[in-house]
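Quick notes on the structure that follows.
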Amino acid sequence: MLAIVYHDPGDESGHEMVRELARKVEEVSGVRVRALPMSFVEETEKPFNRGELVYSLIPFRGGHLATIIEKTRESGALYIGKIPLEIISMSLVKSLKGCEKATLLYWKAKRFVNEQREDLGSLVKSIKENLGVDVDLETDVAKASGCIAVLTLLPGRVTRKALELHGHSSVKIPFLFRAIEEEIVKHVTGVLESLVKTEANKRV
């Protein structure tokens, strides 16, 4: 069984988006998948089953990812990874092409802030190298300018405020999920296939 963990979305539609992703992974891989919001993981002593595989849909390193890894270990489950930054980076470069300036809006982590900043910094570097545009990192929606990408996986308060203040023409990515969903499915199923092959080779 595979557990996919995600941030509790500010918009209820986000839950169904992740459940649909779970269904796609299950269909492709043949592995049973359950989608767990971060609140469940935080509030449950052992949220995962012993031997269960755990994948994080938290986009960046920070306190929540650290909690997932810690709870995985305590539950006797196996952490198999998170969304690769390369997937997010490719999506940003594609969506921001043609922009003269860009702003990346994000929620600041409460713990492991340096790790989050390193991840965000790598996205900024990739965009600058591929598109040659100025890129700002910003937590205040009102201060965003140019082409805007909201770096939350699912729709919520930042998405709503960005669209209200800046409009659909400026907000190129209102939330990450729609831009990277298919790539996530490919990545998760690829990791699962690799694990199956590794186990098979052990038995030979």
Side-chain angles (χ1 to χ4, degrees), residues 1-88 91 106-116 118-119 151-157 159 175-204:
M1 179 177 279
L2 170 67
I4 292 179
V5 184
Y6 62 101
H7 274 135
D8 293 65
D11 189 301
E12 286 300 305
S13 65
H15 292 291
E16 181 53 37
M17 291 179 193
V18 180
R19 285 194 288 267
E20 178 60 26
L21 180 142
R23 284 192 287 268
K24 289 180 179 180
V25 172
E26 194 168 275
E27 186 178 310
V28 175
S29 68
V31 175
R32 280 191 62 199
V33 183
R34 59 184 187 136
L36 304 178
M38 192 65 211
S39 58
F40 174 83
V41 174
E42 290 179 313
E43 295 164 8
T44 308
E45 185 178 353
K46 291 187 178 180
F48 309 115
N49 300 314
R50 179 167 292 278
E52 185 172 30
L53 305 176
V54 179
Y55 186 90
S56 171
L57 289 182
I58 309 298
F60 312 110
R61 288 177 295 164
H64 279 155
L65 183 62
T67 297
I68 292 170
I69 294 172
E70 180 183 339
K71 293 272 191 175
T72 299
R73 184 177 63 251
E74 293 172 352
S75 300
L78 177 65
Y79 174 73
I80 63 169
K82 63 178 284 295
I83 304 169
L85 287 177
E86 291 78 12
I87 288 177
I88 299 172
S91 172
Y106 71 101
W107 274 110
K108 187 175 181 180
K110 294 178 181 178
R111 296 187 295 138
F112 301 95
V113 176
N114 288 340
E115 284 85 348
Q116 184 195 39
E118 284 178 9
D119 287 351
L151 299 185
T152 57
L153 182 72
L154 301 167
R157 282 175 289 173
T159 296
F175 57 96
L176 290 171
F177 188 84
R178 290 299 184 211
I180 64 176
E181 179 184 9
E182 294 307 316
E183 292 303 318
I184 295 173
V185 172
K186 289 177 186 176
H187 183 251
V188 178
T189 53
V191 171
L192 292 174
E193 287 173 6
S194 178
L195 287 171
V196 169
K197 288 179 182 177
T198 300
E199 286 301 312
N201 288 336
K202 286 180 181 178
R203 298 191 189 101
V204 175

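What you see below is based on every heavy atom in this structure, not just the backbone, and it leaves out hydrogens, waters and symmetry mates.
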Taking every heavy atom of F177 against every heavy atom of V18, the minimum-distance pair comes out as CZ-N, 4.4 Å
Minimal heavy-atom distance between A179 and S91, with the atoms involved, is CB-OG, 3.1 Å
Do M17 and P9 make a side-chain contact, defined as non-hydrogen atoms from C-beta onward lying under 4.5 Å apart? no
F48 meets the ring pair (Phe, Tyr, Trp, His ring centres under 6.0 Å) criterion, sequence neighbours left out, with none
Applying side-chain contact (heavy atoms from CB on, under 4.5 Å) to V33 and not counting sequence neighbours gives L2, I4, A22, V25, E26
Contacts satisfying salt bridge (Lys or Arg N to Asp or Glu O under 4.0 Å) that involve residues 8-22 (not counting sequence neighbours) are E16-R19, E16-R23, E20-R23
4.5 Å side-chain heavy-atom contact, F112 and L65
no
Residue pairs passing the salt bridge (Lys or Arg N to Asp or Glu O under 4.0 Å) test with at least one member in residues 177-190, sequence neighbours excluded, are K24-E181, K24-E182, R178-E181, E183-K186
Rounding to 0.5 Å, atoms CD1 (I180) and CG (L153) come to a distance of 5.5 Å
So the salt bridge (Lys or Arg N to Asp or Glu O under 4.0 Å) pairs with at least one residue in residues 38-58 (sequence neighbours excluded) are R34-E52
Which side-chain N or O atoms in residues 68-78 pair as donor and acceptor under 3.5 Å with protein atoms at least two apart or in another chain?
residue: K71; atom: NZ; partner: T44; partner atom: O; Å: 2.8
residue: T72; atom: OG1; partner: I68; partner atom: O; Å: 2.7
residue: S75; atom: OG; partner: K71; partner atom: O; Å: 2.8

Residues at least two apart in sequence or cross-chain that pass side-chain hydrogen bond (donor to acceptor under 3.5 Å, both in side chains) with T67, listed by chain then number, are R111
In this structure, OG of S29 is separated from CG of L53 (nearest 0.5 Å) by 10.0 Å
Residues 7-45 vs ring-ring contact (aromatic ring centres under 6.0 Å, His included), sequence neighbours excluded, gives Y6-H15, H7-H64
Distance-only donor-acceptor pairs under 3.5 Å for side chains of residues 54-63, two or more places apart:
residue: Y55; atom: OH; partner: K82; partner atom: O; Å: 3.1
residue: Y55; atom: OH; partner: I83; partner atom: N; Å: 3.3
residue: Y55; atom: OH; partner: H187; partner atom: ND1; Å: 2.8
residue: S56; atom: OG; partner: I58; partner atom: N; Å: 3.0
residue: R61; atom: NE; partner: D119; partner atom: OD1; Å: 3.1
residue: R61; atom: NE; partner: D119; partner atom: OD2; Å: 3.3
residue: R61; atom: NH2; partner: E115; partner atom: O; Å: 3.4
residue: R61; atom: NH2; partner: E118; partner atom: OE1; Å: 3.0
residue: R61; atom: NH2; partner: D119; partner atom: OD1; Å: 3.0

Sequence neighbours excluded, the answer for ring pair (Phe, Tyr, Trp, His ring centres under 6.0 Å) partners of Y106 is none
